[in-house]
Amino acid sequence: MKMHSPWARFYSNSCCLCCHVRTGTIILGVWYLIINSVVLLILLSALADPDLYHLPNNELRNDFDFMDDANMCIATSISLLMILICAMATYGAYKQHAAWIIPFFCYQIFDFALNSLVAISVLVYPNTIQDYLQQLPANFPYKEEIMSVNPTCLVGIILFFISVILAFKAYLISCVWNCYRYINNRNSSDVLVYVTTNDTTVLLPHYDESLSGTAKEPPPPYVSA
């Protein structure tokens, strides 16, 4: 009797009900690559022209100039790292190198954990939402309308949207993981090993190579002595 992993039931070669997991991973990697490239351009433009992002109060602006520059440099470094990770995932899915997908998968797990902590903090400390709303600028759109909502209903709405986001992120994680498993299984099945009776191993050719190879000449006919 075969023993199957309990996670095998979640394995699928298709994602979004229409495309292969390898294609979906490439699309996801390109999408993240575009987003992080846009963020990087915004950060570089802010570093080149600091007047684009400044605090309205001159005293506060002078006090936080160093912190703003430090935060911009850190954000720029993170964007560069994310571009590298997304490019590695896209290249790994395209060229079928499973190891190149692992950094992007780890980033997805880290991002999912952070969003889960946000949901837990909202559930445990619901009053922080009202404190956050009070710190928003007076001209923030729909600030008064949001603050007038029942706090319990507001927490429920926020938790609902966070749950939807977490479910979507979990589905993307499963797509990338299935792509990793597909490529890993495909690469491991390229080489077949046949063990003979005298404990020697013979490497069998790949199925496609055996079909595309030229047929060997038949052996000479047997002639009786």
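All residue numbers refer to positions in the sequence shown, counting from 1.
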Hydrophobic cluster identity match, Ile35 and Ile27, side-chain contacts under 4.5 Å
no
Which pairs with one or both residues in residues 113-135 pass salt bridge (Lys or Arg N to Asp or Glu O under 4.0 Å), sequence neighbours excluded?
none
Please list, one pair per line, the donor and acceptor atoms closer than 3.5 Å that link side chains of residues 144-167 to other protein atoms, with sequence neighbours excluded.
unit_1 : atom_1 : unit_2 : atom_2 : d
Ser148 : OG     : Glu144 : O      : 3.3
Ser148 : OG     : Glu145 : O      : 2.7
Ser163 : OG     : Leu159 : O      : 2.7

Considering only distance and modelled atom types, tabulate donor-acceptor pairs under 3.5 Å from the side chains of residues 82-96, sequence neighbours left out.
unit_1 : atom_1 : unit_2 : atom_2 : d
Thr90  : OG1    : Cys86  : O      : 2.9
Gln96  : OE1    : Arg186 : NE     : 3.1

Side-chain atoms of residues 98-122: list all donor-acceptor pairs with protein atoms under 3.5 Å, sequence neighbours left out, distances to 0.1 Å.
unit_1 : atom_1 : unit_2 : atom_2 : d
Asp111 : OD1    : Asn115 : ND2    : 3.3
Asp111 : OD2    : Lys169 : NZ     : 2.6
Asn115 : ND2    : Asp111 : O      : 2.6
Ser116 : OG     : Phe112 : O      : 2.8
Ser121 : OG     : Leu117 : O      : 3.3
Ser121 : OG     : Val118 : O      : 2.7

Group every Ile, Leu, Val, Met, Phe, Trp and Tyr by side-chain heavy-atom contacts under 4.5 Å, then state whether Phe168 and Ile173 land in the same group.
yes
Heavy-atom side-chain proximity of Tyr182 to Cys179 below 4.5 angstrom
no
Distance from Leu43 atom CG to Ile78 atom CD1, nearest 0.5 Å?
9.5 Å
So does Tyr180 get a backbone contact from the side chain of Asn184, meaning a donor-acceptor N/O pair under 3.5 Å?
no
When you compare the side chain of Ser37 with that of Leu41, does any pair of heavy atoms fall below 4.5 Å?
no
Quick one: salt bridge (Lys or Arg N to Asp or Glu O under 4.0 Å) pairs with a partner in residues 25-37, sequence neighbours left out?
none
Applying salt bridge (Lys or Arg N to Asp or Glu O under 4.0 Å) as the test, list every pair that has at least one member in residues 33-47; sequence neighbours left out.
none
Quick one: do Leu40 and Asn36 satisfy side chain to side chain contact (heavy atoms under 4.5 Å, CB included)? Show the steps, please.
CA-CA 6 Å; Leu40 180 62; Asn36 287 280; over 6 Å; no
Any link between Ile74 and Leu81 through a network of hydrophobic side chains (Ile, Leu, Val, Met, Phe, Trp, Tyr) touching at under 4.5 Å?
yes
Correct closest heavy-atom pair for Ser79 and Val39 would be OG-CG1, 3.7 Å
